[in-house]
Structures are given as structure tokens and as C-alpha cells.
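Beneath this line is the structure, given in C-alpha cells, with notes to follow.
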2 protein chains.
Amino acid sequence: MLSRACQYGILLLVHLAHGEGGRFEPVHEAAAGLGLSAHFLAKTVGPLARAGLVKSYRGPNGGVALARDPMQIHVRDVVRAIDGSTPVECCVLGLPGCGENRPCPMHDAWSAVRANVSRLLDDTTVGALAARLDTESLRLSSLDPEH
Amino acid sequence: MLSRACQYGILLLVHLAHGEGGRFEPVHEAAAGLGLSAHFLAKTVGPLARAGLVKSYRGPNGGVALARDPMQIHVRDVVRAIDGSTPVECCVLGLPGCGENRPCPMHDAWSAVRANVSRLLDDTTVGALAARLDTESLRLSSLDPEH
DNA sequence: CTGTTTTGAGACTCGTTTGTCTAGAATGTA
DNA sequence: TACATTCTAGACAAACGAGTCTCAAAACAG
């Protein structure tokens, strides 16, 4: 569905949105907080920066920070930046060129699912996800439960 | 989403349901009709037969045939037979152990999508898909448009 | 200037999936 | 029996994703 790199990217942005606003946080620190591989997480920073979602800075006190208001960053933006514009975009049955003019037998039903996913990605912002971390007992980390 | 092998399996069953009832059709013939690799399609027959969805017979006049009424074969059965019982079952963000007690920030919204997909797999039968091939201008083949 | 911290880019390994191919076991026909 | 047809199982290679590692460039601190 979403590539691992894309999942890491979303987690990183939500983590940054949940932290202090203007601070540049080193990638390895964010990775430790999220319980992820620092090396692999670092590979997502490039695409995110090129897409204008984060800004990064080298050297001591460097790191990564959000480039925009987290309420203006949609999950769709992250997916597009890392995975490209193709989440669930293709035919369920794998038929090439399946579409309105030459649909497969499941095309209509699958289009409904696709629309749901698309709306979810468009409507959900990184800031909204971060806000829910506080109000509800949600988690971002892959580590052991710390309840 | 669905593995290639699983997609091939669904296409094969719908193709068989669309053909004559009791006939054993050679796999290479079905593959030609669907525009798929015969060797790869053949690898899906084993799991499908073990799951009791098709029966196969060797030798001349042999081949593959549906083992049951196609209206009693759900797409879910094919997915379970080939991919196992895990379509979209996991967390969107990839968090291990994400669930009702320790949800990720997108858990609730994603559960709705998951339920949609699950219902689609459960409600759709191979027979229903085959029936729609006739009434509407649908296609199964990966080959060039034959309009 | 020297050394440390950090990003950035890429090579590399590993496992899974996709796809092709081969050999063998059934099955039917002459 | 001899032979053609077909499934069955598995070996094999190519492609991809995930993840680790290394080296260089930038930035700062002393």
C-alpha cells in the first residue's frame, strides 16, 4: 500500500509537528524517538526536502524541521513526495490500462475504495495527526508499549 | 495490495466461470485467452486446488475446472488460498501491534477503508464477476483492446 | 586550522516476488 | 507398448524493496 519509506516519512513529519516548532532536530534523534533505523529514515529526508515539506541544516545544532505550518501539510503531500502519485491508483486485478473506457469486472467497486483512500490522504493533515497524539492515547513509536 | 499470483488466480477463476461449465480447460489455453504467462499462471493452480476451488486433471482432455458453483466462490476465498489471510490487514503507518488498544493516529480512519475492502472481498463472487462480463462491456484480458 | 556534528548521496547486502524453465508423473490414444 | 498431452513440483535467474554501511560535503566550535 504505502512503501516503508513513505510510512517513515509520515511518522517523521508527525513527530516533528508534535515537537517544538522552530527547532532543527537531528535525524538520529527523531529515529530514536520513533524506534526506527536512523540510516533508513535519513533516506526519506531528501525527497521531503525537495518537495518543500521540510528544511534541513548540516552541522552541530543542525537537523530537520518542518518547512510549513503542519496544518497545511497533507498526508497526500508526503505520499506524493516519496512514493510518487500512485497509491492504489492501479487496477485491483492488475490489468494494464484499466479505466472508465475499458474497465475490469471489479473496476467500479474498486473505484469506491480508491476514492475513500484518496479522500483520506487529502483530508488528513500532519498537524491534525500530531494534535491527536496529545488528546487521545495514541502512539507513533514502534517500540515497546510505554503505557 | 494483491500479489500478482493472486490477481492471476482471480482472473483464472472468472475466466473458467465465464466458459462452459463442466469442461476441463488446459492452463495454457486459459493463459492465452487472458494474455498471461502460462507457466506463471500454472503456479497458481496448486494452491487453488488445495483450497478446493478448482479440480485439475492430467493428460489429453485434461485441464482445470471449477470445483464448485461459481456463485459460491468468493473473491475472498481466492485471496486466502493464494496470498493467505492478510490483505490490508496491517497498519497504514506500519506500526507493529497497532490495534484498538494501542492505535496509531490514523487507525480509526484506516479501519473504515479496511472494512470496505473486506466487505468487497466477501460480497463479490466469481460467478457475479463472470456474469457482468456479458451484460457490460468489460474485459479480463491483458491483451490489446479488441473493440 | 583542526576536529566534531550532521546531512547527502550512493554502494552494498539480503530476502521476497515475479517470471522462466526443466524434469517427472499422470492420463488418454493408437 | 509407444507416444502425445497435461498437470505438478521445484530449480533457477532477474527485479525490486528494505535495510545497513561508507564516504564526502557542509556547518559550527574551539
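Proteins come first, then strands; the chains are lettered A, B, ... in the order of their sequence lines, and each starts at number 1.
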Inset, instruction - Return the 5'-most residue of the pair Ala49(B), Lys43(B) with respect to DNA chain D, ranking by each residue's nearest nucleotide. - result: Ala49(B)
Inset, instruction - Quick one: label Phe24(B) by what it contacts on the DNA or RNA (base, sugar-phosphate, nothing), any heavy atom closer than 4.0 Å. - result: nothing
Legend entry - Listed nucleotide nearest any side-chain atom of Tyr8(B), set dA25(C), dG19(C), dA4(D): dG19(C)
Legend entry - Euclidean distance, atom CG of residue Leu2(B) to atom C1' of dT17(C) [Å, nearest integer]: 14 Å
Inset, instruction - Could you tell me whether a side-chain N or O of Arg68(A) sits under 3.5 Å from a main-chain N or O of Leu53(A), the two making a donor and an acceptor? - result: no
Legend entry - Shortest side-chain distance from His39(A), nucleotide among dT27(C), dT20(C), dT22(D): dT22(D)
Legend entry - Atom-to-atom span, NZ of Lys55(A) to C1' of dG8(C) - whole angstrom: 19 Å
Inset, instruction - Could you tell me the separation between the CZ atom of Arg23(B) and the C1' atom of dT5(D), rounded to a whole number of Å? - result: 13 Å
Inset, instruction - Find the distance between CG (Leu95(A)) and CG (Leu138(B)) and round it off to the nearest 0.5 Å. - result: 10.5 Å
Legend entry - Asp77(A)/Arg80(A) ion pair, N-O < 4.0 Å: yes
Inset, instruction - Please evaluate the base of dT6(D) for a donor-acceptor partner in the side chain of Arg58(B) within a cut-off of under 3.5 Å? - result: no
Legend entry - Closest to side chain of Asn61(B), choosing from dT4(C), dT29(C), dA25(D): dT29(C)
Inset, instruction - Side chain of Arg4(A) only, please: which of dG28(C), dG19(D), dG8(C) is the nearest? - result: dG19(D)
Inset, instruction - Grab the OH-P distance between Tyr57(B) and dT29(C) for me, whole Å please. - result: 11 Å
Inset, instruction - Return yes when atom CG of Asn61(A) has more than 12 non-hydrogen atoms of other residues, nucleotides or ligands closer than 6.0 Å, and no otherwise. - result: no
Inset, instruction - Would you indicate which nucleotide in dA9(D), dG19(C), dA27(D) comes nearest to any side-chain atom of Arg50(B)? - result: dA9(D)
Inset, instruction - May I have the distance from Glu25(B) (atom CD) to dT6(D) (atom P), rounded to whole angstrom? - result: 11 Å
Inset, instruction - Could you please name the option among dA25(D), dA18(D), dC7(D) that lies closest to any side-chain atom of Val27(B)? - result: dC7(D)
Inset, instruction - For Asn116(A) and Val113(B), indicate whether the former's side chain and the latter's backbone hold a donor-acceptor pair under 3.5 Å. - result: no
Inset, instruction - Could you check whether Gly46(B) gets within reach of a base, just the sugar-phosphate, or nothing at all, counting any heavy atom under 4.0 Å? - result: nothing
Legend entry - d(NE2, His28(A); C1', dT4(C)) in whole Å: 12 Å
Inset, instruction - Could you work out which one of dT18(C), dC7(D), dT20(C) sits closest to the side chain of Ser37(B)? - result: dT20(C)
Inset, instruction - May I ask you to verify if any side-chain N or O of Ser56(A) is less than 4.0 angstrom from the OP1 or OP2 atom of dG8(C)? - result: yes
Inset, instruction - Select one nucleotide: of dT20(D), dT27(C), dT18(C), the one nearest the side-chain heavy atoms of Phe40(A). - result: dT20(D)
